[in-house]
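Each remark here refers to the structure printed beneath this line.
Every heavy atom of this structure was used, including side-chain atoms; hydrogens, water molecules and symmetry mates were not.
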Protein chains: 2
Amino acid sequence: MTEAAPSAPSPRRRDRAATRAALLEAARLRFSRQGFDGTGVREIAADAGVDAALVFRYFGSKEKLYAEAVHVEIPQGLTDGPPRPLTRVTDELLYDVVFGDWEKFDGEHPLLVMLRSAHRPAVRDQLRDRLCDGYLRDFAERLGGGDAALRAELIGALLLGMGVMRSVVGSPALTEATFDETRLLVARLVRTLTEPRADGVG
Amino acid sequence: MTEAAPSAPSPRRRDRAATRAALLEAARLRFSRQGFDGTGVREIAADAGVDAALVFRYFGSKEKLYAEAVHVEIPQGLTDGPPRPLTRVTDELLYDVVFGDWEKFDGEHPLLVMLRSAHRPAVRDQLRDRLCDGYLRDFAERLGGGDAALRAELIGALLLGMGVMRSVVGSPALTEATFDETRLLVARLVRTLTEPRADGVG
DNA sequence: CGATGAAGTCAACGATTGATGACTTATGCT
DNA sequence: AGCATAAGTCATCAATCGTTGACTTCATCG
């Protein structure tokens with residue numbers, strides 16, 4: 001530090017990239033907490049410590065800011081790469097979606113955040129795309145059988161529902177349960193959908 | 001009909017109860033489609049064919065209108081009454097939450113509708129209350145065992161997640177699947193959580 | 001030091017928001 | 001018919017919304 005800490009709250013050196021990043025971070029938090037409609041651009045800009053006009057200079061519109069701030073990055077090598085046992089994959093997914101802290105998104109997985117603004121067509125489309133084509137497609141291919149796609153979506157529904165119960169609803173048992181407790185139960189459920197039935201089906 | 005159809009679009013006879021009901025119905029649809037923040041009171045009033053001021057005359061505020069329009073009625077005799085097999089109960093719950101049409105709520109179960117505005121504390125509290133105390137409590141009591149509450153919430157998560165996948169996300173397989181197809185899979189999953197494990201657990 | 005361009009601020013726009021109170025109109029009773 | 005009351009409308013308020021363009025301030029280079 002070449003100069004002493006200024007008495008005034010740091011006026012922050014002018015830096016386009018840093019300001020853009022600060023806006024993105026503030027937007028992520030606000031959109032996560034309050035949804036798209038419940039968040040104003042002035043609110044976001046105030047959190048970032050700049051004027052609201054910069055939102056439109058850097059992102060064009062509130063919609064484009066949302067699209068860039070809230071998006072789902074599918075973890076590399078989760079479904080592609082060398083095949084691993086499916087319960088192993090769902091283990092990681094369980095930790096990712098349900099038990100991950102996701103502090104950048106106010107504690108929720110971006111999928112759950114997008115759920116909150118899913119009535120907007122753009123959000124809904126991205127949500128379906130990431131979930132079905134990103135996560136569940138390889139699931140279905142690996143499962144095999146006639147209703148593979150359906151069973152894959154049931155696994156997705158379980159994990160998504162658990163995330164909702166934990167972070168959105170705040171149900172007591174799932175909120176206080178440890179990862180290992182739940183992991184065993186989920187593994188049993190996944191195995192039920194994976195293994196062919198021992199007894200006659202219909 | 002004592003009089004012929006009027007040429008002008010029916011001016012609707014002045015009727016407090018009917019107008020209140022029309023406002024409630026319009027509010028339910030709009031709030032379901034667009035969430036609390038994305039819906040304006042003028043929009044609702046226009047759908048009902050009256051002035052927006054009546055919203056405040058009849059309900060006091062937009063919040064109170066939402067509270068009265070969107071709420072979860074727990075079906076009578078679902079969990080209470082004479083005990084039935086749990087897969088039977090989840091069958092009805094599956095039909096209710098995931099496959100019911102709920103035309104009054106634009107096709108979604110009110111639980112899923114409330115999910116869309118769950119960032120508001122009032123909505124979130126009602127959601128947790130209805131889900132945990134209304135649906136899942138008797139589930140947990142009936143399940144028994146150490147982690148009964150957790151397993152009950154897993155069933156709730158599955159059903160809730162399926163509802164989300166079907167109506168909010170619009171995932172293909174679950175959307176096109178019939179009730180009977182899914183019912184068997186869900187029954188298998190519930191049985192997995194219900195029956196004690198045959199092999200050693202830990 | 002002085003100029004140049006970018007980074008950031010400011011003021012304002014038109015539209016819309018939830019909400020209020022005064023006003024008008026229709027309905028029902030006598 | 002005429003009056004009283006409730007049902008419904010209208011105008012409007014103060015705030016806030018997303019968005020824009022002109023303006024100011026800072027950093028950098030010659």
Side-chain angles (χ1 to χ4, degrees), chain A residues 2-3 6 8-28 30-31 33-70 117 119-123, chain B residues 2-3 6 8-28 30-31 33-70 117 119-123:
Chain A
T2 51
E3 57 182 6
S10 65
R12 180 126 64 84
R13 194 163 169 73
R14 293 194 168 181
D15 183 343
R16 179 184 173 93
T19 303
R20 231 187 89 103
L23 279 172
L24 273 176
E25 185 187 337
R28 229 173 348 238
R30 287 287 182 180
F31 284 143
R33 264 193 274 257
Q34 309 164 0
F36 182 86
D37 294 319
T39 305
V41 293
R42 289 174 175 82
E43 215 172 354
I44 296 172
D47 288 352
V50 294
D51 192 89
L54 284 188
V55 165
F56 304 92
R57 267 170 110 68
Y58 289 158
F59 302 96
S61 72
K62 184 188 174 188
E63 286 243 23
K64 299 216 190 106
L65 171 62
Y66 183 95
E68 193 165 336
V70 181
S117 303
H119 54 100
R120 308 202 139 253
V123 178
Chain B
T2 50
E3 57 182 8
S10 66
R12 180 125 62 84
R13 193 163 171 75
R14 292 193 169 181
D15 182 344
R16 180 185 172 94
T19 304
R20 232 188 88 103
L23 279 171
L24 273 175
E25 185 187 337
R28 227 172 351 237
R30 287 287 182 180
F31 284 143
R33 265 194 274 256
Q34 309 163 3
F36 182 86
D37 294 319
T39 304
V41 292
R42 288 172 177 81
E43 216 173 353
I44 296 172
D47 288 352
V50 294
D51 192 89
L54 284 188
V55 165
F56 304 94
R57 262 171 113 66
Y58 289 158
F59 302 96
S61 70
K62 184 187 172 188
E63 287 241 24
K64 300 215 189 108
L65 172 61
Y66 183 94
E68 192 165 336
V70 181
S117 303
H119 53 99
R120 306 200 140 254
V123 178

Between [X] and [Y], is there a donor-acceptor pair closer than 3.5 Å when you use the side chain of the first and the backbone of the second?
X: B/Lys62; Y: B/Phe36; answer: yes
X: B/Arg33; Y: A/His119; answer: no
X: B/Arg30; Y: B/Glu43; answer: no

For this session: Report yes if a donor N or O on one partner sits less than 3.5 Å from an acceptor N or O on the other, where the partners are the side chain of B/Arg14 and the base of C/dT25; otherwise report no.
Result: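 Donor-acceptor pair under 3.5 Å: yes.
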Problem set entry | Along DNA chain D, first and last positions that approach a heavy atom of chain A under 4.0 Å |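 Boundary nucleotides touching chain A, in 5' to 3' order, are D/dC17 to D/dT28.
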What is the distance, rounded to the nearest whole Å, between atom [atom1] of [X] and atom [atom2] of [N]?
X: A/Leu23; N: C/dA7; atom1: CG; atom2: P; answer: 13 Å
X: B/Glu43; N: C/dT16; atom1: CD; atom2: C1'; answer: 11 Å
X: B/Leu54; N: C/dG21; atom1: CG; atom2: P; answer: 16 Å
X: B/Phe56; N: C/dG18; atom1: CZ; atom2: C1'; answer: 5 Å
X: A/Arg57; N: C/dA7; atom1: CZ; atom2: C1'; answer: 7 Å
X: B/Gln34; N: C/dT17; atom1: CD; atom2: P; answer: 10 Å
X: B/Asp51; N: C/dT20; atom1: CG; atom2: P; answer: 14 Å
X: B/Ile44; N: C/dT16; atom1: CD1; atom2: C1'; answer: 15 Å

Exercise. Closer to the 5' end of DNA chain D via nearest nucleotide, is it B/Ala53 or B/Arg16?
Worked result: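 With B/Ala53 and B/Arg16 compared, the 5'-side residue is B/Arg16.
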For this session: Measure the spacing between OH of A/Tyr66 and CG of A/Leu24 and express it to the nearest 0.5 Å.
Result: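 Here the rounded value is 13.5 Å.
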Problem set entry | Separation of A/Phe56 CZ from A/Lys64 NZ (nearest 0.5 Å) |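 CZ of A/Phe56 is found 11.0 Å from NZ of A/Lys64.
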Exercise. Is there a side-chain polar atom (N or O) of A/Tyr58 under 4.0 Å from OP1 or OP2 of C/dG8?
Worked result: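 Indeed, a polar side-chain atom of A/Tyr58 lies that close.
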Exercise. Does OP1 or OP2 of C/dG8 have a side-chain N or O of A/Thr19 closer than 4.0 Å?
Worked result: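 For A/Thr19, the contact criterion (side-chain N or O under 4.0 Å from OP1 or OP2 of C/dG8) is met.
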For this session: Name the closest nucleotide to the B/Val41 side chain, picking from C/dG21, C/dG8, C/dG18.
Result: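 Per side-chain heavy atoms of B/Val41, the pick is C/dG18.
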Problem set entry | Heavy-atom check, side chain of B/Thr19 versus side chain of B/Tyr58, under 4.5 Å |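 The answer is yes, as the side chains (C-beta and beyond) meet within the 4.5 Å cut-off.
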Exercise. Below 4.5 Å, heavy atoms only, C-beta onward: do A/Phe59 and A/Leu54 meet side chain to side chain?
Worked result: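 The answer is no, as the side chains (C-beta and beyond) never meet within the 4.5 Å cut-off.
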For this session: With heavy atoms under 4.0 Å as the rule, sort B/Phe59 into base, sugar-phosphate or nothing.
Result: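 Nothing: the residue B/Phe59, judged by heavy atoms under 4.0 Å, touches no strand.
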Close N or O pairs between protein and nucleotides 28-30 of chain C (under 3.5 Å):
residue	atom	partner	partner atom	Å
C/dG28	OP1	B/Arg13	NH2	3.2
C/dG28	OP2	B/Arg13	NH2	2.8

Problem set entry | Partner set under side-chain hydrogen bond (donor to acceptor under 3.5 Å, both in side chains) for B/Arg120, not counting sequence neighbours |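 Scan of B/Arg120 (side-chain hydrogen bond (donor to acceptor under 3.5 Å, both in side chains), adjacent residues dropped) gives B/Asp37, B/Glu63.
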Exercise. Take atom CD in A/Glu25; do more than 12 heavy atoms of anything else shown fall under 6.0 Å from it?
Worked result: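 No, not enclosed.
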